[in-house]
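The block underneath contains the structure these notes are about, expressed in structure tokens.
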Amino acid sequence: MKVVIVDDTHINLVLMSRLMEKLPGVETVAFQSAHEALAWCREHPCDLLVLDYLMPDLNGLDFIAALGGDARERPPVLMVTASQDVDIRHRALENGANDFLIKPIDKVEFLARIRNMLELRRATLALQSRASWLASEVGKATAELRAREQETILLLCRASEYRDPETGAHIQRMAHYSCLIAAELGLSNQEQECILNAAPMHDIGKVGTPDHILLKPGRLTPDEMDIMRQHAAIGYNILKASEAGMLQLAAVIAHTHHERFDGQGYPNGLAGEAIALAGRIVAVADVFDALTSVRPYKQAWTLDAARTYLLDNSGSHFDPRCVDALMRRWPAVLEIRARFCDAGRQDAA
């Protein structure tokens with residue numbers, strides 16, 4: 001343990017330093033100049049500060065104030081004073097002193113106070129170390145839990161790829177478009193990451209869609225369309241029971257990404273802000289990528305045609321804020337499109 005002693009009287013420094021030698025494991029650094037001591041303390045850690053109150057260049061109260069920093073992180077202070085003034089003691093306590101000694105110093109009392117304060121310092125440091133360790137362990141556990149959530153999402157998405165020809169790079173692009181919109185709307189980094197990881201689950205309900213409908217190379221009949229539309233509710237029912245926050249968000253996205261801003265969507269005909277924001281975001285990202293990608297029943301649209309479609313349907317099919325957010329980040333949209341290009345296929349430019 002390191003103890004700093006500050007006293008403008010040389011004999012007091014010698015006396016206290018000699019007494020400190022009786023304490024094993026304690027290193028003493030003594031200063032007769034308060035300003036020199038202050039400069040040293042600002043650059044070096046210590047475990048206890050023994051500080052004279054009345055010094056010509058800087059008194060004890062001003063020394064503590066000049067030391068600055070968080071009071072919880074500063075070393076404990078033992079104030080040594082010849083004054084019996086209660087007001088001085090009160091002000092010292094208010095400014096960060098932890099204990100007092102009255103001059104002339106009693107050797108037994110001095111050593112007892114030093115021992116007690118150093119033991120308290122050891123306990124405080126041990127508690128801080130324990131708190132830091134616990135915070136680190138909680139961080140590791142949280143990261144592991146998040147990794148497992150992401151792994152679950154990835155496995156479910158891979159399962160859906162065996163049945164749905166519209167997945168693959170599509171889920172990567174639309175997830176990154178969704179994150180892009182969320183960022184432009186001012187959502188927090190954590191919210192952006194959640195949408196990025198949950199958006200790929202938007203069509204997981206298609207595992208319940210019959211193959212002759214899901215893989216049909218042409219337009220669906222009204223009855224077939226009714227069956228296809230059930231995938232929103234199916235996806236929600238698959239995911240809603242999870243207690244994981246990521247999967248709960250994925251359930252909301254699965255349930256709401258086919259709702260329309262004007263209330264003409266499905267499955268519940270929600271309108272405007274009654275539709276979850278994540279669902280409104282994914283609706284724009286999903287349709288944009290679907291339009292610009294090849295499907296069994298259509299060719300890919302050009303980027304200009306898809307962009308015009310989003311703008312023309314802003315306020316009816318889509319939340320205008322989400323459409324505008326995507327348009328404002330158009331260079332990033334093109335980067336995402338190039339980064340997650342389907343292998344062996346070139347969509348229309």
Original post:
Testing H231, M228, E224 for side-chain contact (heavy atoms from CB on, under 4.5 Å) with L214, which one passes?
Top reply: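 Looking at H231, M228, E224, the match for L214 under the side-chain contact (heavy atoms from CB on, under 4.5 Å) is M228.
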Subject >> T292 and R173: side chain donor to acceptor below 3.5 Å >> reply: no
Subject >> Polar side chain donor-acceptor pair, H258 to D286, under 3.5 angstrom >> reply: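 Per modelled atom types, H258 and D286 side chains form no pair under 3.5 Å.
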Residues clustered with [X], ILVMFWY side-chain links under 4.5 angstrom:
X: I105; result: M1, V3, I5, L13, L15, M16, L19, M20, L23, V26, L48, V50, L78, V80, L101, F110, L111, I114, M117, L118
X: L270; result: I275
X: W133; result: L134
X: L125; result: none

**OP:** Taking ring-ring contact (aromatic ring centres under 6.0 Å, His included) as the test, write out the residues that go with H10, two or more places apart.
**Re:** none
Treat each ILVMFWY residue as a node, draw an edge where side-chain heavy atoms are under 4.5 Å apart, and state whether [X] and [Y] are in one component.
X: F261; Y: V284; value: no
X: V282; Y: L326; value: yes
X: L196; Y: L239; value: no

Subject >> Donor-acceptor contact present, side-chain Q230 to main-chain T209, <3.5 Å >> reply: no
**OP:** For the pair K216 (side chain) and R219 (backbone), establish whether a donor and an acceptor sit closer than 3.5 Å, ignoring hydrogens and angles.
**Re:**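 The answer is yes, because a donor-acceptor pair under 3.5 Å joins these two groups.
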[X]: partners by side-chain contact (heavy atoms from CB on, under 4.5 Å), with sequence neighbours left out:
X: Q248; result: none
X: L334; result: L303, W330
X: T308; result: D312
X: S188; result: Q190, E191

Once salt bridge (charged side-chain N to carboxylate O under 4.0 Å, His left out) is applied, do any residues pair with [X], and if so which ones, sequence neighbours excluded?
X: D324; value: none
X: K240; value: none
X: R329; value: E184

**OP:** State whether the number of non-hydrogen atoms from other residues, nucleotides or ligands found under 6.0 Å of E109 atom CD is greater than 12.
**Re:** yes
Original post:
What do you reckon, is CZ of R42 surrounded by more than 12 foreign heavy atoms closer than 6.0 Å?
Top reply: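 Atom CZ in R42 is crowded, with more than 12 foreign heavy atoms closer than 6.0 Å.
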**OP:** Quick one: sort the H255 and Y236 rings into parallel, tilted or perpendicular, breaks at 30° and 60°.
**Re:**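 Judged by the thresholds at 30° and 60°, the geometry between H255 and Y236 is parallel.
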**OP:** Hey, could you give me the CG/OH distance between D7 and Y53, rounded to the nearest 0.5 Å?
**Re:**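 Nearest 0.5 Å value for the CG-OH distance: 14.0 Å.
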